[in-house]
Amino acid sequence: MREHRTGRPEPMAEADGIIEGRNAVIEALRAGTPIDKIYLARGETDAALGHIASTARGKGIVVVEADRRKLDGMSLTHSHQGVIAMAAVRAYATVDAILSAAREKGEPPLVVVCDELSDPHNLGAVIRTAECAGAHGIIIPKRRSAGLTAIVAKTSAGAVAHVPVARVPNLPALLKELKEKGLWVFGAEADGTTRLYDADLKGPAAIVIGSEGAGMGRLVAECCDFKVSIPMRGKLNSLNASAAAAILLYEAVRQRLG
C-alpha cells in the first residue's frame, strides 16, 4: 500500500494478479501490463472509471460490469474503489501465430478450441494436457470464459508459459476461418455421430471442447465437421471437460505417432 494524495492508502497490485483501485489500474493500463479482464462497479458514473473503461476497450480488454457485492467478494484490500483488474500471466497470442508455429515445426496444426470453459481449473488442466500432447495452441472466446489468470497458470503446472493461447470475439467465425485454412473441426459431444476411434485426427485438426454444463453452443456445434463421441461404459454419460480434451488429444497423438 502507499499513500494517495488524499492521505488515504491507495490499493496496489497483489501477487496473485489482482489489481485494485483506480490509480493502480490506470497505471497498469499505461504500463502495458497484460490484463485479462476488468470488473467495474455497475451504475457508476465516475469520470475516472469511465476513462478506465474506454482505455481498456481501446486495448481490446474485456470490461465487465458487476455489482459491488461481487467486487467486495473479489477484493483483497477491501478498498477497490469500484474497479478490479485481473492481470494475465502472459500476453495472448494470435491465431495466425499458432498456425505459423505448426508450419515452422513441419507438423499439421493441432489446436484446442474451448467453448466458454468458465472454470479456471478446467482451462488450466486443458492447457497442461495440450502442452504434454504437443498441441500448437489453445483458442478461447473473449467473453464467458476463464482467461490466463494466476489460477489457470497454477493449475497448468507451468504449461501456460509454453502453449500459446489466443482469444477471439466470435468462435463460430473463428471455426469457419480455420476450415478455410484447411483444418478439420472435431467437436466433442456425448451423442456425436462419429465414434472417437473412427475419427481421423492425423491431419490439420481443431478439437472443440464445450462448457462444463451445456457443452458446445448451437452455433459452434453447427460449425463442426465431425461431432465425436467418447465411448462410455459406466452409468454416467459425460466426462469433465478437461478429461474429454485429454482423451481426444491423446488419440490424435496415437494416430500421429502411428
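Small disclaimer: the values here were computed from a predicted structure and weren't measured.
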Give a yes-or-no answer on whether the side chains of Ser100 and Arg103 include a donor-acceptor pair shorter than 3.5 Å.
->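 Yes.
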Say whether Thr94 and Asp96, considering side chains only, have a donor N or O and an acceptor N or O under 3.5 Å apart.
-> no
Okay, side chain of [X], backbone of [Y]: is any donor-acceptor separation there less than 3.5 Å?
{"X": "Tyr39", "Y": "Gly82", "value": "no"}
{"X": "Gln81", "Y": "Arg22", "value": "yes"}
{"X": "Ser145", "Y": "Lys142", "value": "no"}
{"X": "Asp225", "Y": "Val185", "value": "yes"}
{"X": "Arg68", "Y": "Ala41", "value": "no"}
{"X": "Lys179", "Y": "Cys223", "value": "yes"}
{"X": "Ser54", "Y": "His51", "value": "yes"}
{"X": "Arg256", "Y": "Gly203", "value": "yes"}

Does one hydrophobic cluster hold both [X] and [Y], with members joined at side-chain heavy-atom distances below 4.5 Å?
{"X": "Val111", "Y": "Val220", "value": "yes"}
{"X": "Leu175", "Y": "Ile138", "value": "no"}
{"X": "Leu110", "Y": "Tyr250", "value": "no"}
{"X": "Leu196", "Y": "Val208", "value": "no"}
{"X": "Val168", "Y": "Tyr92", "value": "no"}

For the [atom1] atom of [X] and the [atom2] atom of [Y], what is their distance to the nearest 0.5 Å?
{"X": "Gln255", "Y": "Asp200", "atom1": "CD", "atom2": "CG", "value": "6.0 Å"}
{"X": "Ser211", "Y": "Asn122", "atom1": "OG", "atom2": "CG", "value": "10.0 Å"}
{"X": "Ile139", "Y": "Ile98", "atom1": "CD1", "atom2": "CD1", "value": "5.0 Å"}
{"X": "His121", "Y": "Thr155", "atom1": "NE2", "atom2": "OG1", "value": "4.5 Å"}
{"X": "Leu249", "Y": "Glu131", "atom1": "CG", "atom2": "CD", "value": "11.5 Å"}

When the ring planes of Phe226 and Phe186 are compared, do they come out parallel, tilted or perpendicular, using 30° and 60° as the limits?
-> parallel
Test salt bridge (charged side-chain N to carboxylate O under 4.0 Å, His left out) applied to Arg30 and Glu27, step by step | CA-CA 5 Å; Arg30 186 180 296 124; Glu27 288 173 11; 5.5 Å; no
Between [Y] and [X], does any NZ, NE, NH1 or NH2 come within less than 4.0 Å of an OD or OE carboxylate oxygen?
{"X": "Lys176", "Y": "Glu180", "result": "no"}
{"X": "Glu251", "Y": "Arg254", "result": "yes"}
{"X": "Asp36", "Y": "Arg167", "result": "yes"}

Give a yes or no on this: more than 12 heavy atoms of other residues, nucleotides or ligands lie within 6.0 Å of atom CZ of Arg195.
->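 Result for CZ/Arg195: open.
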Considering residues, nucleotides and ligands other than Lys154, do more than 12 of their heavy atoms fall under 6.0 Å from its NZ?
->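 Check fails, neighbour count at 12 or below.
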Checking Leu71, Asp72, Thr77 against Ser75 for side-chain contact (heavy atoms from CB on, under 4.5 Å), the one that qualifies is Thr77
Please report the C-alpha distance between Ile127 and Val165 in whole Å, then the side-chain angles of each, then the deciding distance to 0.1 Å, and finally whether the side chain to side chain contact (heavy atoms under 4.5 Å, CB included) criterion is met.
-> CA-CA 9 Å; Ile127 293 172; Val165 177; 4.1 Å; yes
